[in-house]
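See below for the structure under consideration.
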Amino acid sequence: MLKKTQCSTLAELSTHCVCPPHLLSLRLQDAVMGELEKLFLDKVIANLGLCVSVYDIQSIKDHFILPNDGHPTLTVVFTLIMFRPFVGEIITAKVLESTADGLRLSLGFFDDIYIPSHRLPTPSHKKDNLKKNSVMWYWKPSEDEFSIELKDQIRFQVESVNYPKIPTEQPENSKPFAPMEVKGSIDFDGLGPVHWWQDVDEEAS
């Protein structure tokens with residue numbers, strides 16, 4: 001069962017759902033639920049977020065069959081659970097990639113979270129990681145130096161959520177198009193790799 005978090009929200013929608021004949025032997029509610037999941041699960045809806053679950057079906061009505069089509073079409077009102085972070089929210093994610101431009105983080109089900117280099121802790125610097133053909137970032141607030149490594153759990157603050165327009169064409173070797181991008185910052189006390197602040201968190205608890 002999906003546990004709701006601060007960055008999940010409910011969205012009520014209505015759509016015309018085509019029910020293929022081979023599903024008519026199922027209970028109507030179950031058949032429609034399966035079709036809604038095919039249409040929306042793991043899809044991004046602009047300004048609403050990423051669909052992580054179909055929460056419920058509120059109504060199914062207006063059965064009709066289009067000319068020359070044997071599939072019944074239904075008008076369905078339903079609710080989706082959407083992943084939609086809000087600006088200022090604190091979220092924990094895992095480092096997926098480290099480049100000269102900054103960090104890319106993952107929540108497991110969503111990988112388009114970016115921490116630009118200018119939003120890393122101040123002062124930060126990078127070193128080439130020749131073994132992994134990438135860079136590693138370091139925070140050096142004093143004589144001590146703290147690294148940010150791949151797979152570190154990172155606590156970050158959301159700064160923006162963007163829904164880029166679908167490009168008509170993409171340059172060769174460009175990164176895959178992301179219909180939703182989250183940008184964040186770790187340039188504040190308590191943010192960054194969770195293990196940096198473990199002692200502080202334990203004392204606070």
Is the closest side-chain heavy-atom distance between Thr92 and Ile154 below 4.5 Å?
no
Could you list all the salt bridge (charged side-chain N to carboxylate O under 4.0 Å, His left out) pairs where at least one residue sits in residues 7-33, not counting sequence neighbours?
Arg27-Asp30
Strictly distance-based, threshold 3.5 Å: is any side-chain N or O of Thr15 a donor or acceptor partner for the main-chain N or O of Cys17?
no
Working to the nearest 0.5 Å, report the span between CD of Glu145 and NE2 of His125.
4.0 Å
Check whether any side-chain heavy atom of Ile186 sits under 4.5 Å from a side-chain heavy atom of Trp139, and report yes or no.
no
Measuring from atom CZ of Phe177 to atom NZ of Lys165, what distance do you get when rounded to the nearest 0.5 angstrom?
11.0 Å
Should Ser147 and Trp137 count as side-chain neighbours, where that means a heavy-atom distance under 4.5 Å?
no
Closer than 3.5 angstrom, by distance alone: can the side chain of Arg104 be matched with the main-chain N or O of Asp111 as a donor-acceptor pair?
yes
Using a 6.0 Å distance limit plus a 45 degree cone around the ring axis, check whether Lys127 lies over the aromatic ring of Tyr138.
yes
Work out which heavy atom in Arg84 is nearest to a heavy atom in Asn47; give both atom names and the distance.
NH1-O, 3.2 Å
Taking the side chain as every heavy atom from C-beta outward, state whether Leu28 and Leu74 have any atom pair closer than 4.5 Å.
yes
With the side chain counted from C-beta on, respond yes when Val76 and Ser14 share a heavy-atom pair under 4.5 Å apart, and no when they do not.
no
Inter-residue atom distance Met33.CE - Lys38.NZ, 0.5 Å rounding:
14.0 Å
Does any non-hydrogen side-chain atom of Thr9 lie less than 4.5 Å from one of Ile81?
no
dist Ser117:OG -> Lys126:NZ (nearest 0.5 Å) comes out at 7.5 Å
Quick check: is Val44 connected to Leu48 through a chain of hydrophobic side chains (ILVMFWY, heavy atoms under 4.5 Å apart)?
no
Got a second to check how far Cys19's SG is from Leu26's CG, nearest 0.5 Å?
8.0 Å
Phe78 ring center within less than 6.0 Å of Phe40 ring center:
yes
Distance-only donor-acceptor check, side chains Thr79 and Gln58, under 3.5 Å:
yes
Distance-only, no hydrogens or angles: does the Asp128 side chain make a donor-acceptor pair with backbone N or O of Val135 under 3.5 Å?
no
Listed by chain and number, what are the side-chain contact (heavy atoms from CB on, under 4.5 Å) partners of Glu143, not counting sequence neighbours?
none
List the steps, then state whether side-chain contact (heavy atoms from CB on, under 4.5 Å) holds for Ile45 with Leu13.
CA-CA 11 Å; Ile45 302 175; Leu13 299 173; 3.9 Å; yes
Path from Met136 to Phe156 over hydrophobic side-chain contacts below 4.5 Å:
no
Neighbour count >12 (heavy atoms, 6.0 Å) for atom NE2, His16
no
Are any side-chain N or O atoms of Glu89 and backbone N or O atoms of Val158, one a donor and one an acceptor, separated by less than 3.5 Å?
no
Quick one, Gln29 with Ile57, criterion side-chain contact (heavy atoms from CB on, under 4.5 Å). Give me CA distance, side-chain angles, the key distance, then yes/no.
CA-CA 8 Å; Gln29 193 91 355; Ile57 297 174; 3.5 Å; yes
For residues Val182 and Phe110, determine if any side-chain heavy atom of one lies less than 4.5 Å from a side-chain heavy atom of the other.
yes
Atom CG of Leu50 and atom CE of Met82: how far apart are they, to the nearest 0.5 Å?
6.5 Å
Any side-chain heavy-atom pair of Leu23 and Val32 under 4.5 Å
no
What's the verdict on side-chain contact (heavy atoms from CB on, under 4.5 Å) for Met180 and Asp112, showing C-alpha distance, side-chain angles and the deciding distance?
CA-CA 7 Å; Met180 180 171 76; Asp112 292 304; over 6 Å; no
Are the side chain of Arg155 and the backbone of Pro193 linked by a donor-acceptor contact shorter than 3.5 Å?
no
Do Leu36 and Leu80 sit in one hydrophobic cluster, given that two such residues count as connected whenever their side-chain heavy atoms are within less than 4.5 Å of each other, even indirectly?
yes
